[in-house]
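In this text, all values refer to a predicted model and were calculated from it rather than measured experimentally.
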Amino acid sequence: MKPVLPLSFFDPITRVKTSALNGSMELTGGLAFGMMVRTGVSKNISFETGINQIIRRYDVSIANDTTGYAETDKLRFVGYEIPLLAMVYIRLGQRSWMNNAIGFSADMYPSDAERVLTESRAYLARSGWLQMGVVGNIGVEYRTVKSGWFYIGATYHRPFGNMATAELTWYDRTALPHVIKAGISGSYLTVDLRYFFHNAPEKAARRRGRTTE
């Protein structure tokens with residue numbers, strides 16, 4: 001489970017303005033959750049992969065300075081991620097480890113997102129159904145003998161290019177609709193909480209046709 005942190009350092013708000021019409025779309029949080037499989041290639045190096053669902057939450061604002069119209073609402077954008085990470089371990093204690101990982105992610109967006117307001121509309125148009133991104137991760141974990149591994153860390157995820165385009169539309173009753181657009185990067189920072197199920201070394205060895213002493 002990975003709650004999304006909307007830190008100002010990562011520029012979570014996108015603003016756009018054209019003449020009297022202005023609007024914004026701000027990442028206010030979200031949640032990613034899923035499953036991951038880790039495969040060790042040596043004592044200090046592993047590979048990780050899995051699948052996650054990510055729900056991004058945005059605050060939307062549309063205003064027209066000339067007419068005095070202003071309205072806010074909320075919008076959710078759902079995506080799925082398949083990461084592939086290379087991880088390096090650093091031992092901190094008898095059962096505690098620090099790890100650093102970096103890799104890539106295949107990001108999939110099943111649909112656009114839309115929110116209809118009183119006199120306007122907020123539309124988040126995906127750049128494509130599939131997009132690649134880069135992932136960086138750091139964390140610490142505690143490995144018990146029989147109860148599995150417990151992990152806490154942080155992940156930074158950044159797509160290559162804009163994830164989507166925000167289209168904010170105001171419907172003028174006497175003329176054609178006014179539309180303003182801006183790119184949404186889709187990058188985010190999370191706090192990671194993981195639990196790895198216990199895998200008995202004796203059973204793993206028997207599956208590989210070996211015995212342990």
Side-chain angles (χ1 to χ4, degrees), residues 1-17 23-39 45-61 74-90 98-115 122-141 151-168 180-194 196:
M1 184 174 65
K2 305 192 297 183
V4 176
L5 301 178
L7 299 181
S8 58
F9 178 80
F10 297 100
D11 196 22
I13 184 168
T14 299
R15 302 181 189 274
V16 59
K17 180 178 176 65
S24 66
M25 187 168 289
E26 180 180 4
L27 178 67
T28 58
L31 182 67
F33 59 92
M35 60 160 291
M36 183 163 284
V37 177
R38 180 184 293 178
T39 301
I45 300 176
S46 291
F47 286 102
E48 284 188 345
T49 189
I51 184 168
N52 299 303
Q53 183 188 69
I54 170 73
I55 301 174
R56 297 173 173 88
R57 295 194 300 268
Y58 292 91
D59 276 354
V60 180
S61 173
K74 299 183 183 296
L75 183 70
R76 296 196 320 162
F77 192 68
V78 179
Y80 297 89
E81 302 168 352
I82 301 179
L84 178 60
L85 306 177
M87 176 177 289
V88 177
Y89 300 103
I90 301 174
M98 173 182 285
N99 52 53
N100 297 272
I102 191 169
F104 301 96
S105 174
D107 303 337
M108 294 169 286
Y109 307 106
S111 64
D112 301 337
E114 181 183 30
R115 194 70 174 175
Y123 194 87
L124 204 55
R126 58 184 179 172
S127 298
W129 72 272
L130 177 63
Q131 186 179 32
M132 298 301 297
V134 62
V135 181
N137 174 276
I138 185 171
V140 293
E141 61 189 29
Y151 173 99
I152 184 170
T155 293
Y156 179 63
H157 185 113
R158 184 175 183 84
F160 294 129
N162 288 331
M163 172 192 72
T165 299
E167 299 179 1
L168 306 178
I180 51 178
K181 299 181 180 182
I184 303 295
S185 69
S187 61
Y188 64 85
L189 179 72
T190 60
V191 173
D192 299 2
L193 304 173
R194 302 180 186 175
F196 290 92

Residue pair [X] / [Y]: nearest heavy atoms and the distance that separates them:
X      : Y      : result
Ala125 : Glu167 : CB-OE2, 4.2 Å
Ile54  : Ala32  : CD1-CB, 3.8 Å
Glu48  : Met87  : OE2-CE, 3.2 Å
Ser185 : Pro159 : O-CG, 3.4 Å
Gly183 : Asn162 : CA-ND2, 3.6 Å
Pro12  : Pro6   : CG-O, 4.1 Å

Phe196 and Tyr151 aromatic ring geometry - parallel, tilted or perpendicular at 30°/60° bounds: perpendicular

More than 12 heavy atoms of other residues, nucleotides or ligands under 6.0 Å from [atom1] of [X]: is that the case?
X      : atom1 : answer
Met1   : CE    : no
Lys17  : NZ    : yes
Phe104 : CZ    : no

Thr155-Asp192 side chain donor-acceptor pair, cut-off 3.5 Å: yes

Modelled atom types, side-chain donor and acceptor of Asp112 and Tyr123, under 3.5 Å: yes

Quick check for you: to the nearest 0.5 Å, what is the distance between [X] atom [atom1] and [Y] atom [atom2]?
X      : Y      : atom1 : atom2 : answer
Ile82  : Ser105 : CD1   : OG    : 8.0 Å
Arg56  : Phe77  : CZ    : CZ    : 7.0 Å
Ile13  : Ile184 : CD1   : CD1   : 10.0 Å
Arg38  : Thr49  : CZ    : OG1   : 13.0 Å
Leu168 : Leu124 : CG    : CG    : 9.5 Å
Arg115 : Arg76  : CZ    : CZ    : 10.0 Å

Test item: Asn52 and Lys2 side chains (from C-beta on) under 4.5 Å apart, heavy atoms: yes

Any Met163 side-chain heavy atom under 4.5 Å of Asp107 side chain: no

Whether Gln131 side chain and Phe160 backbone form a donor-acceptor pair below 3.5 Å: yes

Side-chain donor or acceptor of Arg126 paired with backbone N/O of Pro110 under 3.5 Å: yes

Member of Leu85, Val88, Asn137 meeting the side-chain contact (heavy atoms from CB on, under 4.5 Å) criterion with Asn99: Asn137

Residue pair Ile51, Glu81: steps toward the side chain to side chain contact (heavy atoms under 4.5 Å, CB included) verdict: CA-CA 6 Å; Ile51 184 168; Glu81 302 168 352; over 6 Å; no

Residue pair Tyr156, Leu189: steps toward the side chain to side chain contact (heavy atoms under 4.5 Å, CB included) verdict: CA-CA 5 Å; Tyr156 179 63; Leu189 179 72; 4.2 Å; yes

Verdict with supporting geometry, Gln53 and Val78, side chain to side chain contact (heavy atoms under 4.5 Å, CB included): CA-CA 7 Å; Gln53 183 188 69; Val78 179; 4.0 Å; yes

